[in-house]
Q: 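I have a structure I would like to understand better, so I am pasting it below and will then ask my questions one at a time.
In what follows, chains are A, B, ... by sequence order, proteins preceding strands, each numbered from 1. On a predicted model such as this, the values are computed, not experimentally measured, just so you know.
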2 protein chains.
Amino acid sequence: MRIGELARRAGTTTRTLRHYESLGLLPARRAGNGYRTYDEDDLRLLRQIRVLQEFGFGLEETRPFVECLRAGHPAGDSCPASLEVYRRKLAELDDCIARLRHVREEVGTQLARAEREVAALRAAANVPGGPPAQCALAPPDTGTPPNAESPSDTEMEPSTP
Amino acid sequence: MRIGELARRAGTTTRTLRHYESLGLLPARRAGNGYRTYDEDDLRLLRQIRVLQEFGFGLEETRPFVECLRAGHPAGDSCPASLEVYRRKLAELDDCIARLRHVREEVGTQLARAEREVAALRAAANVPGGPPAQCALAPPDTGTPPNAESPSDTEMEPSTP
DNA sequence: GCTGGCCTTGACGCCCACGTCAACGTCTAC
DNA sequence: GTAGACGTTGACGTGGGCGTCAAGGCCAGC
């Protein structure tokens, strides 16, 4: 089959296939007229690549899987090198998830603090906004780096004529 | 103060500051000789930018915070626009974390399956699989980048005549 | 013969936050 | 006056995975 058909069957583009070939990831035989020629095995390789891509693997990380398949193994992950990539990826994922969770917590904390401060400023400016608003007056601490003061407006523009 | 000093005090580079200026994020006054001139407020803006950057905010996402500070507010997140960015970022983070966890689970499953299959293949090939090899030399796994020897083949070469 | 659809290579564009280099101006100290 | 530390603008490079032309070859059907 030619490049267009392979691309269609794999749900990708010819540009992508040429790119893979330029990396030596998915080399193609050539017909007499110079056209690239692929077979069903190439489709399998390509599908292996795409699946890993969706998992966030870089193209280079898919190489062991592809070479494993090309070496005649039943699956791309039948080879030790592929398992190693799996393990490295797991470690990366764990690390990444941990960092993101940390950031998420930080940002969540900042948002909560900022919302409290905005509410406090609004209350201090006797903006109707709230009923009794018992606990008014700026919570003194809880880790507030900025100096909470200058209660007047609360919107962007400094000038409120 | 001039650009070099600001960069040093903020732990960044002059190139970065020029980049921020080119985005209109941190404009500088100019001295008679054309040198950029900054003050303590600029340092605060810059620190705000850097903190958000470490949280993974894009430069454009820091803009509301910077403008809020420049508008005279006590903190970069004293303005509604900044709070909106916080919230959007939280949603993004949640989404990203969820996707990563899903992928992590998938990859973990694939690894476990592949390891089982490899073990099955090895057993079927009546490979001695090695002695008890309890805790001998070389920790069995837990992230051993180098290929811990080859008990027999199980390497890339198909050669299974 | 001609149109249209497929194919080829080559090369630049994109996104993002800068790094790096070049060629040159400015100021201070000796 | 000269070294050297700082500053200036401009432009290209990086990494990843392609998208998007451009200019042309090959082949089938009418």
Side-chain angles (χ1 to χ4, degrees), chain A residues 1-39 42 45-66 85 88-89 92-93 96 99 103, chain B residues 1-39 42 45-66 85 88-89 92 96 99-100 103:
Chain A
M1 100 190 78
R2 294 181 303 182
I3 194 171
E5 186 181 347
L6 178 60
R8 250 173 294 126
R9 290 181 62 183
T12 181
T13 69
T14 62
R15 179 67 183 88
T16 295
L17 299 186
R18 280 189 272 262
H19 181 54
Y20 292 173
E21 182 174 14
S22 79
L23 298 178
L25 199 55
L26 191 66
R29 278 112 283 161
R30 295 299 178 121
N33 54 12
Y35 286 13
R36 290 173 179 81
T37 304
Y38 303 90
D39 58 21
D42 291 316
L45 300 192
L46 183 49
R47 289 203 168 123
Q48 173 74 80
I49 295 173
R50 301 254 99 197
V51 164
L52 294 176
Q53 281 263 97
E54 288 179 14
F55 282 173
F57 286 54
L59 286 180
E60 283 310 318
E61 291 175 319
T62 72
R63 197 181 291 273
F65 295 80
V66 175
V85 174
R88 276 209 338 258
K89 207 68 190 176
E92 273 179 35
L93 284 167
C96 189
R99 285 207 318 273
V103 167
Chain B
M1 103 190 76
R2 293 180 304 182
I3 194 170
E5 185 181 348
L6 179 60
R8 250 174 294 128
R9 290 180 62 183
T12 182
T13 69
T14 62
R15 179 68 183 86
T16 295
L17 298 187
R18 280 189 271 263
H19 181 53
Y20 291 173
E21 181 174 14
S22 80
L23 298 179
L25 201 55
L26 191 67
R29 279 113 282 162
R30 296 298 180 121
N33 53 12
Y35 285 14
R36 290 172 178 82
T37 304
Y38 302 90
D39 57 21
D42 291 316
L45 301 192
L46 182 50
R47 288 202 168 125
Q48 172 74 79
I49 295 172
R50 301 253 99 197
V51 164
L52 295 176
Q53 282 263 98
E54 288 179 15
F55 282 173
F57 285 54
L59 286 179
E60 283 309 318
E61 292 176 318
T62 72
R63 198 181 290 273
F65 295 79
V66 175
V85 174
R88 276 209 338 259
K89 207 67 189 178
E92 274 179 35
C96 189
R99 286 207 318 273
L100 284 180
V103 167

Q: Could you list by number each residue of residues 49-62 of chain A showing a heavy-atom separation from DNA chain D of less than 4.0 Å, or answer none if no residue does?
A: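 Those residues whose heavy atoms fall under 4.0 Å from DNA chain D, taken from residues 49-62 of chain A in numerical order, are A:Arg50, A:Gln53, A:Gly58, A:Leu59.
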Q: Between the protein and nucleotides 27-29 of chain D, which nitrogen or oxygen pairs come in under 3.5 angstrom?
A:
none

Q: For B:Ile3 versus B:Arg18, what's the shortest heavy-atom pair and its separation?
A: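 Scanning both residues completely, I find the closest heavy atoms to be CD1-CG, 3.8 Å.
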Q: Inspect the contact between A:Glu92 and A:Lys89 and indicate whether a charged nitrogen and a carboxylate oxygen are less than 4.0 angstrom apart.
A: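 Between A:Glu92 and A:Lys89 there is a salt bridge, with a charged N closer than 4.0 Å to a carboxylate O.
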Q: List the atom of A:Glu21, the atom of A:Ala28, and the distance in Å for their closest heavy-atom pair.
A: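 For A:Glu21 and A:Ala28, the tightest heavy-atom pair comes out as OE2-N, 3.6 Å.
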Q: Checking side-chain contact (heavy atoms from CB on, under 4.5 Å) against A:Leu6, which of A:Thr37, A:Thr14, A:Leu17, A:Asp39 comes through?
A: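 Filter result, single survivor: A:Leu17.
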Q: Mind checking what makes side chain to side chain contact (heavy atoms under 4.5 Å, CB included) contact with B:Arg50, not counting sequence neighbours?
A: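 Residues passing side chain to side chain contact (heavy atoms under 4.5 Å, CB included) with B:Arg50: B:Thr12, B:Thr16, B:Tyr20, B:Leu46, B:Gln53.
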Q: Hey, where on DNA chain C does chain B first and last touch, going 5' to 3'? Cut-off is any atom under 4.0 Å from a heavy atom.
A: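 From 5' to 3', the first and last contacting nucleotides are C:dA17 to C:dC27.
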Q: Would you call A:Arg63 and A:Glu60 a salt bridge, taking side-chain N to carboxylate O under 4.0 Å as the test?
A: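 So A:Arg63 pairs with A:Glu60 through a salt bridge.
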Q: For A:Arg36 and D:dC26, what is the distance between atoms CZ and P respectively, to the nearest whole Å?
A: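 In whole Å, D:dC26 P and A:Arg36 CZ are 15 Å from each other.
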Q: Once you round it to whole Å, what is the distance between P of D:dG7 and CG of B:Leu6?
A: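 After rounding, the gap between these two atoms is 10 Å.
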Q: Ignoring hydrogens, what is the shortest heavy-atom contact between B:Pro27 and B:Gly24? Give both atom names and the distance.
A: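 For B:Pro27 versus B:Gly24, the nearest heavy atoms are CD-O, 3.8 Å.
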Q: Going by heavy atoms closer than 4.0 Å, what residues in residues 13-21 of chain A are next to DNA chain C?
A: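 Listed by number, they are A:Arg15, A:Arg18.
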Q: Just jot down the salt bridge (Lys or Arg N to Asp or Glu O under 4.0 Å) partners of B:Arg88, sequence neighbours excluded, or say none.
A: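 Result, salt bridge (Lys or Arg N to Asp or Glu O under 4.0 Å) vs B:Arg88: B:Glu61.
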Q: Are any of the side-chain heavy atoms of B:Arg29 and B:Asp42 separated by less than 4.5 Å?
A: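 Sidechains of B:Asp42 and B:Arg29: in contact.
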